[in-house]
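Read the structure below first, then the notes.
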Amino acid sequence: MISIRRHLRRVLLISVTSITAVAALWSYYDTRDQIDELFDAELAQTTRTMVALYFAYRAGSVNGEDVPEDLQLRAPLVPDNATDAPTALGHPYEKKLGFQVWDEQGRALFGMQPTGALPALERRPGYSHARSGGHDWRTFTLHDEARGVWASAAQRDDVRDELTWQIALRNLMPPVIGVLLIALLIPFAIARGFSPLLRVSRQITARQPNFLEPLDASQVPDEIRGMVDALNGLFARLAETLEKERRFTANAAHELRTPLAAVKVHAQNLLSETDTESARRAAQSIINGVDRMTRVVEQLLTLSRLESGQAITRQTVRLARLGSELARDTQPLAEQRDIRLTQELPEGLSVQSYENGLYVLLRNLLDNAMRYTPSGGEVHLRMAAEASKLHIEIADTGPGIPPQERERVFERFVRLAGQKTSGSGLGLSIVKELVERLDGEIRLDETSLPATSGLSVHVYLPLS
C-alpha cells in the first residue's frame, strides 16, 4: 500500500539533499575560481616586485662594491606540522612558494627556491602549469626587455586545493546542518499537515455500522473538505435508505400480524366444525402454515428493532427469574415435541445487561434447539460466571451442524440442505445481532450432552 506521508518524506529529503549537493558543488567551483584569480594576481604582483627589488638593490650598492651576480636567498626553515599552523619561524606554506630572476642567457640572478626547486625557465611570458619535484606548479613569467631579464614566480597547486577545500568545507557546514535539521523537521511538518486527514480517518474507522451521523467538519482543511462533504452526503442518503427499509419491514410485518391471526382463527373454527379426516388435516395444515408465517413476521419485527440502532438500556437482570420465564414460555413447545428441557442456573447470580435483548436471545436459541431436536430428546440450558464473563450454554441432542457450515448459519435466510424442520433462517441471525449489541461472543461446538449427535451454543457476555 502506498503511503503519501512516506512518499512526501522521501521526495522532500531527496530534493533538499540534491539541491544542497548541487549548491555545494557550485560553491566549491566558484570558490576555486575566485582563489585562482586571487593567487594568479598575487603571482603577477610578486614577479614584478622581485624584479623591482633586484634592480633597486643593484642601484643602491655602496662605494662601487661589486654586486654578486647570483643573489639566492636561503629557503625558509619552517618545520612542517599536521595542521599547517603558523609558527615563530613563519608559515609552512612558504616552502610551497618560490620566485627567480634570470638574465637573457638564462643565468639565475636573484630568487628563492624551496625544496623541490622551481621549474626551469620557460621563455614564454604569462601563466602556465609545470611539473617539478613531484608537484604541480602554477607559474607566471615576465620578460623585461628594457633591463634584459626574465622573472618567474611559482606556487604549488596543492596550496590552492587545500585552501579551496577549507573554505568549501566551512561554507558547506551550515547547509549540511540545515539539511539535518530539515530532515528532522520534515516528518513533524508532514505529520502535522496530515493530522486533519488522520482525524477524519479515525472518525470513520471507529464508527459502528449503524452509526451514520455526519463527520465533524469543523477543523477540516480546504483540500479534503469536498471529500468530507461527499461522505456526509453519502451517510445521509444511506441513513435515509436504511430507515425506509426498516420502516417498510416493520410496517409490513406489523400489518401481516392481524390478517394472519384472523386466518388462524378461521382455520381453528374450521378444524372444530369439520367431521371428515381429510378436511381436518387440511385445516391443521392451514394452522401450521399460519404459525410459520407468524413466526417469520415476529422474527422480522425483532430484526427491525435490532437494526433501528436505538441505544440499549442496561439494568440488573436476575438470571434465576429469567430462567423461570423462559421455562414457562417454552414448556408448551417442549411438551408438544416430547422434549426434556433442563436448566442449570446458579442461585443469586445477576448480570448488568439488556433484559429484553437477553430474553429474546435465549428464547431464540431454546426455540431453535427444540425445533431441531427429535422427539424424546433433551435440551439443556446452563449459565455460569467465569472470570469477568457470563457463560451461557444451550446444548441439544439434535442432528448438529457440520463444522464447515457453522459460520454460514449466522447469515440471514440460510438453511442447511436436508433439513425437514420448518424455519425462516432468521433465528441465528437475530442471535448474532443481539450478541454483538451486548458486547459478547458466540461459538458453536459439539454437544456436551451424552448423545451421539447434537449442538452446543456457547455465548459469552460481560457481567457488568
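Heavy atoms only: backbone and side chains are in, while hydrogens, waters and symmetry mates are out. Throughout, numbering of the chain's residues begins at 1 and tracks the sequence.
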## Note on the structure
In short, Ala334 meets Met370 closest at the heavy-atom pair CB-SD, 3.6 Å
### N/O donor-acceptor pair under 3.5 Å between Ser453 side chain and Gly398 backbone
yes
#### Entry: Min side-chain heavy-atom separation Leu444-Val457 under 4.5 Å
yes
#### Entry: Any side-chain heavy-atom pair of Leu322 and Leu358 under 4.5 Å
yes
### Query
What heavy-atom pair brings Leu428 and Phe410 nearest, and what distance separates the two atoms?
O-CD2, 3.6 Å
### Check: Leu449 main-chain N/O paired with Glu378 side-chain donor or acceptor under 3.5 Å
no
### Task
Keeping the roles fixed (side chain from Asp396, backbone from Val379), state whether a donor-acceptor pair exists under 3.5 Å.
no
### Message
If you compare all heavy atoms of Leu463 against all heavy atoms of Lys389, which two are closest, and at what distance to 0.1 Å?
### Response
CG-C, 3.7 Å
### Spacing of CD1 belonging to Ile394 relative to CG belonging to Leu365, to within rounding of 0.5 Å
4.0 Å
### Query
Knowing that exactly one of Val459, Leu461, Val351 qualifies, which makes a side chain to side chain contact (heavy atoms under 4.5 Å, CB included) with Leu438?
Leu461
### Flag if over 12 foreign heavy atoms under 6.0 Å of CD, Glu386
yes
### Message
Can you tell me if Arg443 has over 12 outside heavy atoms packed within less than 6.0 Å of its CZ?
### Response
yes
### Query
Is the side chain of Ser195 donor-acceptor paired with the backbone N or O of Arg192 at a distance under 3.5 Å, no angle test?
yes
#### Entry: Derivation of the side chain to side chain contact (heavy atoms under 4.5 Å, CB included) call for Thr330 and Arg363
CA-CA 8 Å; Thr330 57; Arg363 175 65 187 268; 3.6 Å; yes
### Message
Between Val431 and Asn368, does the side chain to side chain contact (heavy atoms under 4.5 Å, CB included) criterion hold? Intermediate values first, please.
### Response
CA-CA 11 Å; Val431 168; Asn368 202 62; over 6 Å; no
### Query
Can you name the nearest heavy-atom pair linking Ala395 to Thr447, along with the distance?
CB-OG1, 3.8 Å
### Query
Which atom names give the shortest non-hydrogen contact between Leu349 and Ala384, and what distance separates them?
CD2-C, 4.4 Å
## Note on the structure
Distance col, row Ser429:OG vs Asn364:CG, nearest 0.5 angstrom, shows 10.0 Å
### Query
Is it true that Glu37 and Arg138 have a side-chain N and a carboxylate O under 4.0 angstrom from each other?
no
### Query
Just wondering, more than 12 heavy atoms not from Gln45 lying within 6.0 Å of its CD?
no
### Message
Just so I know, are the side chains of Leu390 and Leu319 near enough to count as touching, which here means a heavy-atom distance under 4.5 Å?
### Response
yes
### Query
So, does Thr46 use its side chain to make a donor-acceptor pair with the main chain of Glu42 at under 3.5 Å?
yes
### Message
For residues 428-464, which residue pairs pass the ring pair (Phe, Tyr, Trp, His ring centres under 6.0 Å) check, not counting sequence neighbours?
### Response
His391-His458, His391-Tyr460
#### Entry: Val435 to Ile442 - nearest heavy-atom pair and separation
CG1-N, 4.0 Å
### Query
Between the side chains of Gln352 and Thr316, is a donor N or O closer than 3.5 angstrom to an acceptor N or O?
yes
### Task
Output the distance between atom CG (Leu238) and atom CG (Leu231), rounded to the nearest 0.5 Å.
11.5 Å
### Query
From Ile19 CD1 over to Ile14 CD1, what is the distance, rounded to the nearest 0.5 angstrom?
12.0 Å
### Task
Working to the nearest 0.5 Å, report the span between OG1 of Thr31 and CG of Asp36.
10.5 Å
### Query
Is there a side-chain contact between Leu13 and Val179, using heavy atoms and a 4.5 Å cut-off?
no
### Task
Just jot down the side-chain hydrogen bond (donor to acceptor under 3.5 Å, both in side chains) partners of Ser456, sequence neighbours excluded, or say none.
Glu393
### Task
Please check if any side-chain donor atom of Ser128 sits under 3.5 Å from a side-chain acceptor atom of Thr139, or the reverse.
yes
### Query
More than 12 foreign heavy atoms under 6.0 Å from CZ of Arg340: is that the case here?
no
### Any donor-acceptor pair under 3.5 Å from Arg9 side chain to Ile186 backbone
no
### Task
State which residues pass ring-ring contact (aromatic ring centres under 6.0 Å, His included) with Tyr127; sequence neighbours excluded, sorted by chain then number.
Phe140
### Message
Just verifying a value: how many Å separate Asp33 CG and Tyr28 OH, rounded to the nearest 0.5 Å?
### Response
10.5 Å
### Query
Any side-chain heavy atom of Leu12 within less than 4.5 Å of one from Ile190?
yes
### Query
Is His129 close to Asp136 at the side-chain level, that is, under 4.5 Å between some pair of heavy atoms?
no
